[in-house]
Amino acid sequence: MRIKVVSPSTQRAQHVANIVRNSGPGLDVMATTSPISGLPEAVNGSRPALLVLDGVDTHGLETLGELVLAQPDIDAIIISAEQSPAFLLKAMQAGVREVLPPPVDEAALQAAVQRVARKRRPVEAPAELGEVMAFVACKGGSGASFLAANLAHLLSVRDGRTVALIDLDLQFGDALLMLSDQSPASDIAEVARSIARLDAELLRAAMVQVSGTLSVLAAPEELTQALEVQGDHIGAIIKQARQMFDFVVIDVGRSINAVSLRALDAATHIFPVLQLNVPNVRDAKRLRDLFRTLDYAPQKIHWLVNRYEKNGDITLDSLQHTLGVQRVATVPNHFAGVSASVNQGVPIGKLARNNPVSRALVDLTQRIAPVEKGKRDTWFSTIFGN
């Protein structure tokens with residue numbers, strides 16, 4: 001983007017131009033010494049995309065307005081000691097994008113230039129973003145981490161599409177242990193500390209590569225590091241992950257706070273996980289009320305009963321009535337298979353192919369993210385054998 005800085009002072013013109021050059025890459029910045037009344041001559045056919053004008057008064061606004069009228073493609077940022085409401089209104093009418101007071105604040109000027117650059121950037125067709133699936137525990141010990149990790153594994157072995165598993169249980173997260181015995185070289189807190197440099201390369205380097213199609217961003221090892229992770233960090237990490245992976249599975253954990261709410265807001269599907277006992281159902285009602293307060297669409301919420309037993313004291317019908325929902329998915333109770341999977345750090349689909357828990361998770365995966373029949377047959381064969 002071509003930018004021209006105009007100031008009556010040579011020293012100030014160079015100073016402002018140096019600040020503007022540091023606003024970002026790809027900027028062609030020229031500095032010119034001229035009174036604002038001589039603006040047409042200062043521009044002189046150079047056709048800048050942006051003018052940064054220093055020392056503008058009311059008469060200077062009139063000159064600028066005439067120039068912008070003749071060349072409407074030019075944007076303008078002005079630096080002026082005049083900050084009265086009447087002046088700001090006139091500046092807006094003249095087509096000025098922003099009015100900054102002297103002495104110029106470097107960060108404010110660079111942010112203004114960046115906003116203009118973003119506005120002028122060619123609009124590209126948006127790339128298809130990955131789906132986000134968030135698992136949240138209604139009660140501690142419900143098995144949400146196990147289900148999130150194993151659903152991520154199942155998604156990753158279907159048809160070559162890629163999956164990211166993000167462990168957002170910041171204080172006690174162990175999602176990686178469900179899938180692998182690898183030690184993470186980095187974690188989500190490390191990424192948060194480098195959030196200003198976040199890109200695909202940084203995020204991928206921080207993740208554990210469980211397989212060619214499954215990557216895990218682990219929770220921090222130190223409990224104190226959890227305090228460093230903020231909601232804005234999570235928003236940026238999820239946004240980057242969606243650009244890199246076909247599916248982003250998040251183990252939200254148990255806590256509802258600014259961090260977990262950013263993940264729930266971003267989720268395409270939310271899986272509240274509970275067991276059929278009174279404390280779990282009580283907390284499920286609280287979570288349902290929260291979702292309603294947040295205006296989450298009902299089709300976004302998929303209630304999931306883990307360790308389900310048909311002859312329990314609380315029936316599925318009574319749970320559906322209590323929550324006011326028409327459908328609840330279930331994962332059967334199979335303590336031996338799940339315990340072996342967790343203790344060995346191997347997905348249950350690998351360890352016990354015909355385990356009822358594996359079959360329930362396959363059914364859930366197919367309902368949420370269906371695959372075509374031919375690919376589905378191959379996927380079932382991979383998981384369950386011929």
Asks: Can a donor-acceptor pair be found, under 3.5 Å and without considering hydrogens, that links the side chain of Thr293 to the backbone of Asp289?
Replies: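 A pair under 3.5 Å: yes.
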Asks: Taking Ile368 as the starting point, is it possible to reach Ile166 by hopping between hydrophobic residues whose side chains are less than 4.5 Å apart?
Replies: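 Looking at the clustering, Ile368 is in a separate group from Ile166.
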Asks: Using modelled atom types and a 3.5 Å cut-off, is there a donor and acceptor pairing between side-chain atoms of Ser341 and backbone atoms of Val346?
Replies: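 Yes: the side chain of Ser341 pairs with the backbone of Val346.
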Asks: Main chain of Gln275, side chain of Asn306: is a donor-acceptor contact present, judged purely on distance under 3.5 Å?
Replies: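 Answer holds: no.
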Asks: With a cut-off of 6.0 Å (strictly less than), are more than 12 heavy atoms of other residues, nucleotides or ligands near NZ of Lys300?
Replies: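 Yes, because the 6.0 Å sphere around NZ of Lys300 holds more than 12 heavy atoms from other groups.
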Asks: Quick one: which residue pairs count as a ring-ring contact (aromatic ring centres under 6.0 Å, His included) with a foot in residues 203-234, not counting sequence neighbours?
Replies: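 As it turns out, there is no ring-ring contact (aromatic ring centres under 6.0 Å, His included) pair with a partner in residues 203-234 once direct neighbours are skipped.
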Asks: Say whether, by atom type as modelled, one donor and one acceptor occur between the side chain of Ser23 and the main chain of Gln114 under 3.5 angstrom.
Replies: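 No, Ser23 side chain to Gln114 backbone: no donor-acceptor pair under 3.5 Å.
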Asks: Applying the 4.5 Å side-chain criterion to the ILVMFWY set and letting contacts propagate, would Leu39 and Val16 be lumped into a single cluster?
Replies: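 No; tracing contacts between hydrophobic side chains, which count when under 4.5 Å, never links both residues.
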Asks: Suppose the criterion is side-chain hydrogen bond (donor to acceptor under 3.5 Å, both in side chains): which pairs have a residue in residues 174-185, not counting sequence neighbours?
Replies: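 Those involving residues 174-185 are Ser180-Gln182.
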Asks: Is there a path of hydrophobic side-chain contacts, each under 4.5 Å between heavy atoms of I/L/V/M/F/W/Y residues, joining Val56 to Val104?
Replies: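 Per the 4.5 Å side-chain linkage, Val104 and Val56 are not co-clustered.
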Asks: Could you tell me whether a side-chain N or O of Asn280 sits under 3.5 Å from a main-chain N or O of Leu276, the two making a donor and an acceptor?
Replies: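 Between the backbone of Leu276 and the side chain of Asn280 there is no qualifying donor-acceptor contact (under 3.5 Å).
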Asks: Counting only heavy atoms not in Gln11, do more than 12 sit closer than 6.0 Å to its CD atom?
Replies: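 Incorrect, the count does not exceed 12.
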Asks: Which pair of heavy atoms, one from Val208 and one from Pro184, lies closest together, and at what distance?
Replies: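 What the structure gives for the nearest pair is CG2-CA, 3.6 Å.
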Asks: What residue among Val68, Asp75, Leu67 forms side-chain contact (heavy atoms from CB on, under 4.5 Å) with Leu51?
Replies: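 With Leu51 as partner, side-chain contact (heavy atoms from CB on, under 4.5 Å) holds for just one option, Leu67.
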Asks: Pair Ile3, Met30 - check side-chain contact (heavy atoms from CB on, under 4.5 Å), show working.
Replies: CA-CA 6 Å; Ile3 302 173; Met30 303 166 286; over 6 Å; no
Asks: Under a 3.5 Å distance rule, please check whether Ser194 uses its side chain to pair with a backbone N or O of Arg197 as donor and acceptor.
Replies: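 Pair absent, no side-chain N/O of Ser194 close to backbone of Arg197.
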Asks: Indicate yes or no for a side-chain donor-acceptor contact from Thr330 to the backbone of Pro332 under 3.5 Å, with no hydrogens or angles considered.
Replies: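 Side chain of Thr330 to backbone of Pro332: no pair is present.
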Asks: Judged by atom type as modelled, is there a donor-acceptor pair below 3.5 Å linking the side chain of Arg97 to the main-chain atoms of Ile77?
Replies: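 Absent.
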Asks: Flag the pair Arg254 and Asp283 as a salt bridge only when some basic side-chain nitrogen lies within less than 4.0 angstrom of an acidic carboxylate oxygen.
Replies: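 Salt bridge present between Arg254 and Asp283.
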Asks: Just list the side-chain donor-acceptor pairs under 3.5 Å for residues 216-231, sequence neighbours left out, or say none.
Replies:
| unit_1 | atom_1 | unit_2 | atom_2 | d |
| --- | --- | --- | --- | --- |
| Glu228 | OE1 | Arg193 | NH1 | 2.2 |
| Glu228 | OE2 | Arg193 | NH1 | 3.2 |
| Gln230 | NE2 | Leu227 | O | 3.1 |

Asks: Let me see the working for Leu261 and Ile256 under side-chain contact (heavy atoms from CB on, under 4.5 Å), right down to the final yes or no.
Replies: CA-CA 7 Å; Leu261 284 176; Ile256 300 297; 4.0 Å; yes
Asks: Quick one: does Ser145's side chain have a donor or acceptor within less than 3.5 Å of a partner on Ala175's backbone?
Replies: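 No.
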Asks: Report yes or no: do Val338 and Val305 belong to one cluster of Ile/Leu/Val/Met/Phe/Trp/Tyr joined by side chain heavy-atom distances under 4.5 Å?
Replies: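 Looking at the clustering, Val305 is in a separate group from Val338.
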Asks: When you look at CD of Gln93, are more than 12 heavy atoms from neighbouring residues, nucleotides or ligands closer to it than 6.0 Å?
Replies: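 Enclosed: over 12 neighbouring heavy atoms sit under 6.0 Å from CD of Gln93.
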Asks: Does Asp167 form a side-chain contact (heavy atoms from CB on, under 4.5 Å) with Ile188? I'd like the steps, not just the answer.
Replies: CA-CA 8 Å; Asp167 194 344; Ile188 196 167; over 6 Å; no
Asks: Do Val325 and Leu304 belong together in a cluster built from hydrophobic side chains that touch within less than 4.5 Å?
Replies: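 Val325 and Leu304: separate clusters.
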Asks: Does atom CG of Asp313 have more than 12 heavy-atom neighbours, drawn from other residues, nucleotides or ligands, at distances under 6.0 Å?
Replies: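 Incorrect, the count does not exceed 12.
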